[in-house]
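No experiment lies behind these values; they were computed from the predicted model shown. The analysis underlying the following values was restricted to heavy atoms, covering all of them including side chains, and did not include hydrogens, waters or symmetry mates.
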Amino acid sequence: MRITVRIKPGSRRGPLVETVGSDLVVYLREPAREGEANAALPRVLAEHFGTSPSRVSIVRGHSARVKQVEVDL
């Protein structure tokens, strides 16, 4: 399943996943530097969907806050 995700790095609310329409907003505690937020995103989404982090991958938007993510359930 491919989904659009908007991340909010460096958030005190994180880790948290909210649904907004057909998209997800993911609040992460990790800052958006040196790939820390990108590394945390698969772990948070895997927990949300009940799957392994290795089954979650960022397809598009590695340097953007809006990303396309592939989740194999």
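- Placement of Val56 and Val17 within a single hydrophobic cluster is found when ILVMFWY residues are connected by side-chain heavy-atom separations under 4.5 Å, directly or transitively.
- Taking Ile, Leu, Val, Met, Phe, Trp and Tyr as hydrophobic and joining them when side-chain heavy atoms fall under 4.5 Å apart, one finds Val59 isolated, its cluster having no other members.
- Scored by the side chain to side chain contact (heavy atoms under 4.5 Å, CB included) test, Arg55 finds Thr51, Ser52, Asp72 as partners (sequence neighbours excluded).
- Applying the salt bridge (charged side-chain N to carboxylate O under 4.0 Å, His left out) test to Arg2 and every residue at least two apart in sequence or in another chain returns Glu70.
- Note on Phe49 and Ile7: same hydrophobic cluster, where clusters join Ile, Leu, Val, Met, Phe, Trp and Tyr whose side-chain heavy atoms are under 4.5 Å apart, directly or indirectly.
- In the hydrophobic clustering of ILVMFWY residues, with side-chain heavy atoms under 4.5 Å counting as a link, Ile58 and Leu28 come out together.
- Within the structure, side-chain hydrogen bond (donor to acceptor under 3.5 Å, both in side chains) pairs that include any residue of residues 37-47 comprise Asn38-Lys67 (at least two apart or interchain).
- Applying the side chain to side chain contact (heavy atoms under 4.5 Å, CB included) rule to Pro15 yields the partners Arg29, Val44; only residues at least two apart in sequence or on another chain are considered.
- Residue Pro9 comes nearest to Pro31 through the heavy atom pair CB-C, 4.1 Å, listed as atom of the first residue, atom of the second, then distance.
- Cluster note: Val66 groups with no other residue, as no ILVMFWY side-chain heavy atom lies under 4.5 Å from it.
- Interatomic distance, CD of Glu30 versus OG of Ser11, reported as 10.5 Å (0.5 Å rounding).
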Give the table of side-chain donor-acceptor pairs shorter than 3.5 Å for residues 18-26, with sequence neighbours excluded, one pair per line with atom names and distance.
residue : atom : partner : partner atom : Å
Glu18   : OE2  : Arg13   : NH2          : 2.7

